[in-house]
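Structure first, then comments.
Quick note: numbers below take in every heavy atom, side chains included, and nothing from hydrogens, waters or symmetry partners. Just so it is clear, the model here is predicted, and its values are computed rather than measured.
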Amino acid sequence: MKKYWIAAMTGFLLFSGTAAAQAELQIPAAYIAIGDSLAAGQTPDRQIDAGYADLIAQELSRNQPVAYYSKNLAFPGFTTTDVLESIQSDEAEEVLSSANLITVSAGANDLLRLVQNDSAQGSLVFQQVQVDFALNEARKNMDLILAELAEQSPDATVYVMGYYFAYPHVRESQKNGTAKQLDRLNEILQRSAEKAGAVFVSVDQPFGANAVDKVPNPSDVHPNAAGYQAMANAFFTEYQEGWTVEDLELPPPNPLSFEEIMEAQDQDEQEASESNDAEETAQRPSSGSPTGYFALREAMPYL
């Protein structure tokens with residue numbers, strides 16, 4: 001069984017701020033980001049750094065009180081099935097019960113794992129039957145995810161994050177087919193969100209079909225800091241228009257490799273074991289997790 005990777009956030013400071021409170025704002029915000037590698041903040045170089053969730057938390061804290069932020073339920077590679085299983089786990093129950101603001105990134109891995117990207121040739125290949133099946137599964141799972149969140153986090157406003165076109169480097173003749181499938185995925189996510197009373201956040205317009213400045217690696221679908229900034233700002237158009245993550249507010253790069261994350265967790269677990277040998281309650285909530293996936297950040301409380 002794989003074990004959780006947990007690393008403390010470093011090189012990323014949140015600043016307090018004030019703003020006129022509005023009825024729809026969650027004050028203080030208890031923000032939980034769940035989902036796939038975009039929620040975790042994976043970089044185009046297969047590292048973990050500040051992603052859109054971190055930038056949202058930062059901007060929230062500039063403008064309103066933030067009681068709590070966690071992306072401990074965000075995992076690279078998660079499909080909608082994995083996300084559903086993760087939020088149904090025992091370790092998710094406590095953190096979700098306290099949430100009043102949730103973002104969800106789920107669905108892209110259901111689709112993009114079926115797309116073969118030949119970055120050398122600039123071509124994309126997929127089988128339509130497989131894609132149709134995967135998108136239908138994503139639709140059913142997203143409905144279940146939102147129903148589960150409504151039950152576990154009854155006081156939370158849920159924002160379902162859409163997806164951008166992830167292959168700006170391929171030949172123009174190769175873009176249309178995959179772009180249509182991503183459009184279908186976004187339509188599914190939007191319909192599920194509206195049906196559940198959640199808010200859909202469209203992010204495709206800031207990217208378009210040629211966002212090589214935001215998705216710089218031809219062999220990788222993850223955005224850079226500018227791409228995550230665009231996603232965070234798309235969220236704020238729905239949450240509180242006028243709040244914006246400016247260029248000068250982007251935190252300095254502090255990427256962590258998966259090896260560094262693993263080493264940090266091993267050290268933390270060893271220290272915890274040495275100081276709490278006699279206390280079973282000293283174990284992390286993720287210890288012995290039945291899901292066996294990788295958590296990449298510890299929760300961050302703000303008082």
Side-chain angles (χ1 to χ4, degrees), residues 4-17 26 28-76 78 83 95 99-106 108 156-164 201 203 206-207 214-215 222-240 243-258 260-261 264-265 294-303:
Y4 275 76
W5 286 339
I6 303 179
M9 181 73 73
T10 58
F12 181 64
L13 299 178
L14 299 184
F15 301 91
S16 297
Q26 302 292 346
Y31 171 36
I32 309 299
I34 70 174
D36 54 27
S37 56
L38 295 184
Q42 185 165 327
T43 74
D45 300 316
R46 296 187 58 79
Q47 297 174 311
I48 298 297
D49 205 347
Y52 78 78
D54 306 299
L55 297 178
I56 288 173
Q58 174 179 275
E59 188 64 19
L60 287 172
S61 68
R62 291 182 187 275
N63 293 279
Q64 67 170 83
V66 177
Y68 190 79
Y69 160 57
S70 171
K71 61 176 183 180
N72 212 34
L73 294 175
F75 306 87
F78 260 21
V83 173
V95 68
N100 60 20
L101 175 60
I102 297 174
T103 55
V104 182
S105 283
T157 302
V158 178
Y159 292 79
V160 177
M161 303 296 292
Y163 289 95
Y164 53 87
V201 178
V203 305
F207 283 79
K214 297 180 178 68
V215 187
H222 296 90
N224 56 17
Y228 281 125
Q229 178 187 17
M231 295 183 70
N233 285 335
F235 165 84
F236 282 112
T237 63
E238 301 293 341
Y239 182 78
Q240 181 70 1
W243 293 8
T244 305
V245 180
E246 304 290 350
D247 293 347
L248 56 81
E249 295 173 338
L250 293 176
N254 184 47
L256 295 173
S257 69
F258 292 147
E260 290 171 326
I261 292 170
Q265 184 200 356
F294 304 111
L296 298 173
R297 288 292 185 265
E298 287 185 345
M300 299 177 64
Y302 299 104
L303 301 177

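- A side-chain donor-acceptor contact under 3.5 Å links Q58 to the backbone of E249.
- In this structure, N63 CG and Y239 OH are separated by 9.5 Å, a value rounded to the nearest 0.5 Å.
- Rounding to the nearest 0.5 angstrom, the gap separating the NZ atom in K71 from the OH atom in Y31 is 9.0 Å.
- With hydrogens and angles ignored, the 3.5 Å screen pairs a side-chain donor or acceptor of N100 with a backbone N or O of A30.
- Interatomic distance, CG of L250 versus CG of L55, reported as 6.0 Å (0.5 Å rounding).
- In this structure, NE2 on H222 lies 5.5 Å from CG on L38, to the nearest 0.5 angstrom.
- One finds the CD1 atom of I56 at 12.0 Å from the OH atom of Y228 (value rounded to the nearest 0.5 Å).
- Here the straight-line distance linking atom OG1 of T103 with atom CD of E238 works out to 13.5 Å at 0.5 Å rounding.
- Side-chain polar atoms of D247 and Q229 form a donor-acceptor pair below 3.5 angstrom.
- No donor-acceptor pair under 3.5 Å is formed between the side chain of N233 and the backbone N or O of A230.
- One side chain, S105 or Y52, offers a donor N or O that lies under 3.5 Å from an acceptor on the other.
- Here the side chain of D45 pairs no donor or acceptor atom with the backbone of Q47 at under 3.5 angstrom.
- Between W243 and F236, the ring planes lie tilted relative to each other; the angle falls in the 30° to 60° range.
- Under the 4.5 Å side-chain criterion, counting only non-hydrogen atoms from C-beta, V95 is in contact with I32.
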Evaluate D54 against Y69 for side-chain contact (heavy atoms from CB on, under 4.5 Å), listing each step before the verdict.
CA-CA 9 Å; D54 306 299; Y69 160 57; 2.6 Å; yes

